[in-house]
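Side chains are part of it too, since the values below use all heavy atoms of this structure and drop only hydrogens, waters and symmetry mates. In what follows, chains are A, B, ... by sequence order, proteins preceding strands, each numbered from 1.
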Amino acid sequence: MSMRAPRGTADILPNEVKRWQYVESILKDICDRFNYDEIRTPLFEHTEVFQRGVGDSTDIVQKEMYTFEDRGGRSLTLRPEGTATVVRAFVENKLYGSPIQPVKLFYFMQLFRYERPQQGRMRQLNQFGVEVLGSADPSVDAEVIALAMTCYKELGLSSLKLVLNSLGDKESRQNHRKALVEHFSPYKDELCSDCQKRLNQNPLRILDCKTDRDHPAMKTAPSILDYLNEYSEQYFNQVKAYLDMMEIPYVIDQNLVRGLDYYNHTAFEIMSEAEGFGAITTLAGGGRYNGLTEELGGPNTPGIGFAMGLERLLMAIDAENIKLPIDSSVDCFFIAVGETAEKQASQLVHKLRVNGIQVDKDYQGRKMKAQFKAADRLKAKYVIILGDNELEDDIVNVKNMKTGDQTEVPLTDLVKTMQAELLGGSQNE
RNA sequence: GCGGUCGUGGCGAAGCGGUCAACGCACCGGAUUGUGGCUCCGGCAUUCGUGGGUUCGAUUCCCACCGGUCGCCCCA
């Protein structure tokens with residue numbers, strides 16, 4: 001096959017789409033209760049938005065962006081990440097001037113990253129995320145985390161781990177950075193090549209390295225938590241206190257460093273602990289990014305958010321064997337036999353449809369038996385039969401597929417009868 | 001970007017140099033000329049991922065590429 005979807009992309013077929021729609025409806029409903037409003041931003045941005053917003057030293061910017069030049073010579077990039085585009089929109093549209101503060105936003109986005117695909121990692125991926133701009137109150141941090149956890153909980157997931165850390169403010173980070181460089185410099189030659197680079201660029205990320213995880217210097221490395229200044233420490237304590245009050249369990253991981261440059265203070269990750277989930281266990285990640293608005297040309301506005309991968313969310317639902325309540329049945333299947341009946345069927349089917357009843361029919365002039373099979377396949381609740389016998393008496397036979405009961409219904413009463421049947425049927429179930 | 005593994009009909013899966021290919025499921029038709037989920041019979045691969053090569057001959061051997069999958073890096 002030569003015409004294939006590009007590597008790392010996937011078609012989501014109707015059956016699967018039903019699951020997505022269900023999940024999306026739950027997430028939207030939660031956002032509604034938390035009073036977050038949806039924002040939609042362009043699929044691509046000026047490349048600079050991500051270079052400045054996400055950070056030049058990050059893997060995303062260095063090797064994962066789909067960047068292209070348009071016919072006007074502009075460098076554009078398919079968004080690899082949500083926060084930078086949302087913050088750009090926040091600044092550009094001066095939402096910092098909105099009378100309602102903070103600004104609480106959610107989004108569903110398709111993102112693009114040039115990576116080697118594997119399960120739970122696609123080149124085109126879907127994320128649901130949330131951003132709150134305009135408040136530096138620790139209760140907001142806790143609320144955002146609570147929102148994320150609520151999403152998983154209401155979808156029935158339970159094998160989850162919330163990992164929490166604080167990266168501190170600028171001053172704390174600088175002090176910690178200095179300590180890290182001093183600590184690791186003597187061992188530079190023993191560290192992996194990535195970490196040798198990180199030592200200069202972003203020593204914090206050495207802590208997150210899997211290659212050097214067992215190096216003795218790791219254990220004794222200075223923890224950011226020991227370098228938090230008073231404000232940062234208090235802030236972190238308050239976030240934890242709010243989570244405790246909401247009874248949201250978490251574990252502290254001093255080595256949790258998020259991959260993007262813009263994070264400070266609260267950083268968190270939600271992982272799946274379900275058996276057989278695969279190597280990639282991160283379901284969602286987020287944190288605070290005070291200062292990012294300035295980086296993108298706006299006034300200094302505090303912000304915090306998270307994003308969760310929807311592909312991974314669906315995977316986790318499967319891994320925990322959760323059956324989503326998806327109704328794939330059709331209410332009625334109309335069976336017509338004979339030319340006259342088939343012609344009249346189209347008319348009756350349309351009449352039922354415009355009166356709010358879900359109906360499907362055969363389109364291939366098949367025999368009654370085959371039409372019944374089709375009705376079964378569609379899990380039809382009722383079959384409506386119109387043939388020569390019925391035509392003579394101006395009636396139709398309505399068969400309840402579950403009970404097998406069949407009754408004659410005058411054509412003039414069909415809509416009314418079906419409305420009554422279907423209403424009654426749903427009440428019983 | 002690196003490494004392992006795999007690529008046969010709509011799906012699952014045999015064949016592993018020599019009649020262009022078992023079997024199962026699904027689907028279509030018939031037995032049963034107006035009633036489904038059972039049974040029986042029949043039908044259903046003119047590119048065996050793509051392109052080269054070896055050979056008298058390749059789905060079967062070799063190479064490259066493409067793709068899936070698992071892992072590494074990193075992340076959602």
Side-chain angles (χ1 to χ4, degrees), chain A residues 1-10 13 54 57-64 79-83 108-129 148 192-195 197-198 202 205 208-213 256-260 269-272 276-286 305-316 333 335-338 341 362 364 366-392 396-406:
Chain A
M1 282 232 282
S2 54
M3 297 303 282
R4 276 198 278 216
R7 184 164 218 195
T9 67
L13 301 176
V54 180
S57 74
T58 59
D59 281 4
I60 286 183
V61 171
Q62 281 188 342
K63 50 186 201 190
E64 293 178 6
R79 60 188 180 202
E81 196 264 348
T83 301
F108 286 90
M109 281 187 190
Q110 290 169 309
L111 307 177
F112 303 84
R113 295 184 195 172
Y114 191 89
E115 289 190 281
R116 183 82 175 264
Q118 69 188 71
Q119 191 174 45
R121 168 185 292 161
M122 302 292 283
R123 289 186 172 179
Q124 177 176 331
L125 59 125
N126 289 274
Q127 284 189 348
F128 159 74
C192 75
S193 58
D194 280 336
C195 282
K197 275 180 236 154
R198 287 172 184 146
N202 193 348
R205 290 182 58 202
D208 205 25
C209 179
K210 265 109 193 156
T211 310
D212 295 325
R213 180 172 20 199
L256 174 69
V257 175
R258 310 249 55 251
L260 314 184
E269 220 165 85
I270 299 168
M271 334 255 258
S272 172
F277 188 74
I280 298 173
T281 57
T282 304
L283 294 178
F306 76 83
M308 65 171 68
L310 295 182
E311 284 83 1
R312 290 181 187 183
L313 170 57
L314 269 319
M315 273 171 62
F333 191 87
I335 291 180
V337 181
D362 172 72
Q364 295 163 84
R366 285 188 288 193
K367 306 204 159 151
M368 180 169 279
K369 180 168 179 147
Q371 295 198 47
F372 261 95
K373 277 193 174 179
D376 267 333
R377 241 176 281 123
L378 293 172
K379 296 179 192 140
K381 297 186 184 79
Y382 291 91
V383 158
I384 302 168
I385 304 156
L386 181 66
D388 291 339
N389 300 343
E390 286 83 2
L391 280 175
E392 274 181 34
V396 100
N397 264 297
V398 174
K399 180 168 184 172
N400 181 321
M401 291 297 273
K402 206 168 172 183
T403 63
D405 296 341
Q406 186 166 311

Could you give the distance separating C11(B) and G3(B) at their P atoms, to the nearest angstrom? 30 Å
Classify the angle between the aromatic ring planes of Phe108(A) and Phe128(A) as parallel (below 30°), tilted (30 to 60°) or perpendicular (above 60°). tilted
Dot-bracket for RNA chain B, 5' to 3', Watson-Crick and G-U pairs with both distances under 3.5 Å, [ ] for crossing pairs, | for partner on another strand, reads ((((((((.[[[..)..(....]]].(((((.......))))).....[[[[[..)....]]]]])))))))....
So do Arg7(A) and Arg116(A) actually touch side chain to side chain, heavy atoms under 4.5 Å? yes
Write down the distance separating the C1' atoms in A45(B) and C27(B), rounded off to the nearest Å. 15 Å
Hey, could you give me the CD1/CG distance between Ile270(A) and Leu313(A), rounded to the nearest 0.5 Å? 10.5 Å
Protein-proximity profile, nucleotides 29-34 of chain B, B/S/- by nucleotide at the 4.0 Å heavy-atom cutoff, equals SSBB-B
In Å, rounded to the nearest 0.5 Å, how long is the span from CG of Asn397(A) to CD of Gln406(A)? 4.0 Å
Taking the same atom, C1', in C38(B) and in U32(B), what whole-Å distance lies between them? 13 Å
Working to the nearest 0.5 angstrom, can you tell me the gap between Ile335(A) CD1 and Glu390(A) CD? 10.5 Å
Distance in Å, Met401(A) CE paired with Phe372(A) CZ, rounded so as to fall on 0.5 Å steps: 5.5 Å
With the sugar-phosphate defined as primed atoms, P, OP1 and OP2, and the base as all remaining atoms, what B/S/- string results for nucleotides 68-76 of chain B, 5' to 3', for protein heavy atoms under 4.0 Å? SBSBBBBBB
Quick check for you: to the nearest 0.5 Å, what is the distance between Met122(A) atom CE and Leu310(A) atom CG? 13.0 Å
C23(B) and G42(B): how far apart are their P atoms, nearest whole angstrom? 11 Å
How far does the C1' atom of C63(B) sit from the matching atom of A21(B), given to the nearest Å? 25 Å
Check against side chain to side chain contact (heavy atoms under 4.5 Å, CB included), Gln124(A) and Thr9(A): CA-CA 5 Å; Gln124(A) 177 176 331; Thr9(A) 67; 4.3 Å; yes
If the C1' atom of G68(B) is compared with that of G53(B), how far apart are they to the nearest Å? 25 Å
Aromatic Phe112(A) / basic Arg123(A) pairing, under 6.0 angstrom, 45° off normal: no
What's the gap between A13(B) and C25(B) when it is taken at their P atoms, as a whole Å value? 16 Å
Do Gln371(A) and Phe333(A) have side chains that get closer than 4.5 Å, going by heavy atoms? yes
Go through it in stages, so that I can follow the logic: the residues are Thr282(A) and Arg312(A), the test is side chain to side chain contact (heavy atoms under 4.5 Å, CB included), and I'd like the CA-CA distance, side-chain angles, deciding distance and then a yes or no. CA-CA 8 Å; Thr282(A) 304; Arg312(A) 290 181 187 183; 4.1 Å; yes
With rounding to the closest Å, how many angstrom separate the P atoms on U8(B) and G34(B)? 42 Å
